[in-house]
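From a predicted model like this one, the values you see are computed outputs, not experimental measurements. By convention in this document, chain letters (A, B, ...) are assigned in the order of the sequence lines, proteins followed by strands, and residues within each chain are numbered from 1.
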2 protein chains.
Amino acid sequence: MIERRTIPAGGGTGLRLRCGERLRVIDPAGGQSGDLVAFSADGRERLSNGRTFDYCGKIYLSTGDVLWSDRSTPMLTVEADDVGRHDFLYGACTPEMYRIQYGIEAGHANCHDNLSAALRECGIAPEPLPTPFNLFMCVDVAADGRLVFRPPQSRAGDALVLRAEMDLVIAVSARPAATCNGGAPTRPLAIEILGAATGDAA
Amino acid sequence: MIERRTIPAGGGTGLRLRCGERLRVIDPAGGQSGDLVAFSADGRERLSNGRTFDYCGKIYLSTGDVLWSDRSTPMLTVEADDVGRHDFLYGACTPEMYRIQYGIEAGHANCHDNLSAALRECGIAPEPLPTPFNLFMCVDVAADGRLVFRPPQSRAGDALVLRAEMDLVIAVSARPAATCNGGAPTRPLAIEILGAATGDAA
């Protein structure tokens with residue numbers, strides 16, 4: 001392991017991941033969701049749910065699936081997944097969302113600002129922020145298209161491992177919205193940066 | 001009616017729509033899908049499927065639903081809809097998509113380039129292009145998340161009417177991919193720019 005960090009409840013962090021290195025995102029307490037965005041190290045390519053849906057032919061991604069960039073380059077491969085259910089439809093929560101949906105005027109922690117700040121610290125201009133890969137967030141799509149939130153299926157210690165397919169800047173936020181966490185208050189996430197597996201490109 | 005245009009098969013067009021004005025997109029022959037993107041007239045806000053999914057609580061939009069910007073501003077309201085089924089998941093087709101999915105190396109008409117060129121002609125920097133509202137495109141989401149293409153449900157002459165909730169630049173492309181059109185070759189679309197309804201803001 002190269003590094004381990006805790007992301008405080010409602011907070012975010014940014015990191016660089018070289019091609020072949022792996023990022024493990026852990027839900028230490030269980031039932032917590034997070035947002036992850038990725039940019040190419042040069043800032044020119046960004047994570048794209050639309051391209052990923054197209055190439056994978058599905059909206060729920062898990063072990064073996066690839067997350068693609070908006071320029072049709074593989075960015076990350078899901079190498080392991082204890083949970084098996086994540087969302088890739090919802091935009092990051094924003095101050096405007098808390099105002100419109102919850103009547104909170106200002107000051108609420110939000111993934112948009114967490115991710116944007118973390119990306120800026122890594123030298124990436126984040127705007128417009130792409131739709132995050134919403135780790136552990138569980139949203140069903142009904143036959144008529146309605147979206148139904150369910151609590152994250154992650155249990156304490158469950159993790160997801162993503163392998164970088166190119167040099168990347170990544171930001172992760174521990175979602176502060178109780179809606180995304182089955183009504184529970186937001187809790188920390190943890191990340192581990194792992195070296196390339198033996199035989200992989202470093 | 002302020003103006004009527006035909007969008008040739010596989011082509012695109014750009015236009016300005018003032019707050020309150022309406023855009024009617026017609027499928028003259030039936031079974032043809034199209035891509036639509038919208039930017040605020042100043043280029044600072046762009047159409048956002050993630051925000052729209054969040055505020056509407058569903059992925060299939062039709063009459064009465066609002067399409068939102070990435071800064072949480074209403075952009076367009078669906079005022080009328082003969083078809084009732086559109087897609088808002090897939091990114092615009094790109095040259096890379098034709099290479100990866102169909103082995104076509106270069107030169108295929110594609111919505112990404114059509115929309116980008118039309119936006120540039122209207123003074124908008126399109127990159128990164130947001131996920132379009134894919135008019136008449138019919139994609140089912142299976143319970144396991146798989147995406148299943150079905151032919152567009154539009155019959156000859158069917159149309160969708162969108163009312164601008166702010167001053168906008170809009171681009172529309174007639175999708176060139178047979179996959180999106182039930183296997184049929186691409187056909188033209190038509191658009192009509194309509195004035196504000198009596199009583200609406202002009």
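Of all the listed residues (B/Arg51, B/Glu96, B/Arg146), the one sharing the greatest number of non-hydrogen pairs under 4.5 Å with chain A is B/Arg51. Interface check for chain A: of the options B/Cys56, B/Ser48, B/Ala92, the most heavy-atom pairs under 4.5 Å are formed by B/Ala92. Listed options B/Leu89, B/Thr94, B/Leu61 were ranked by heavy-atom pairs under 4.5 angstrom with chain A; first place goes to B/Leu89.
Residue A/Arg44 holds its CZ atom at 10.0 Å from CD of B/Glu127, rounded to the nearest 0.5 Å.
For chain A, the nearby part of B/Asp70 is the side chain; its heavy atoms alone come within less than 4.5 Å. For chain B, the nearby part of A/Arg46 is the side chain; its heavy atoms alone come within less than 4.5 Å. Contact of A/Cys93 with chain B is made through the backbone alone, with heavy-atom distances under 4.5 Å. Residue B/Asp144 touches chain A through its backbone alone, counting heavy-atom pairs closer than 4.5 Å. Contact of A/Phe149 with chain B is not made at all, since no heavy-atom distance falls under 4.5 Å. No part of B/Phe88 comes within reach of chain A, as not one of its non-hydrogen atoms sits under 4.5 angstrom from that chain. Heavy atoms of A/Thr131 lying under 4.5 Å from chain B belong exclusively to its side chain.
Taking a 6.0 Å sphere around CZ of B/Arg5, one finds it holds more than 12 heavy atoms contributed by other residues, nucleotides or ligands.
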**OP:** Start with the C-alpha gap between B/Lys58 and A/Val141, add the side-chain angles, then the distance that decides, and say whether side-chain contact (heavy atoms from CB on, under 4.5 Å) holds.
**Re:** CA-CA 8 Å; B/Lys58 57 184 173 180; A/Val141 182; over 6 Å; no
**OP:** Please assess B/Phe53 against A/Leu147 for the test side-chain contact (heavy atoms from CB on, under 4.5 Å), listing each intermediate value before the final yes or no.
**Re:** CA-CA 8 Å; B/Phe53 294 157; A/Leu147 295 167; 3.7 Å; yes
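Between A/Trp68 and B/Ile100 the shortest side-chain heavy-atom distance falls below 4.5 Å.
When each of B/Pro130, B/Ser69, B/Pro128 is tested with A/Pro128 by the rule side chain to side chain contact (heavy atoms under 4.5 Å, CB included), just one qualifies, namely B/Pro128.
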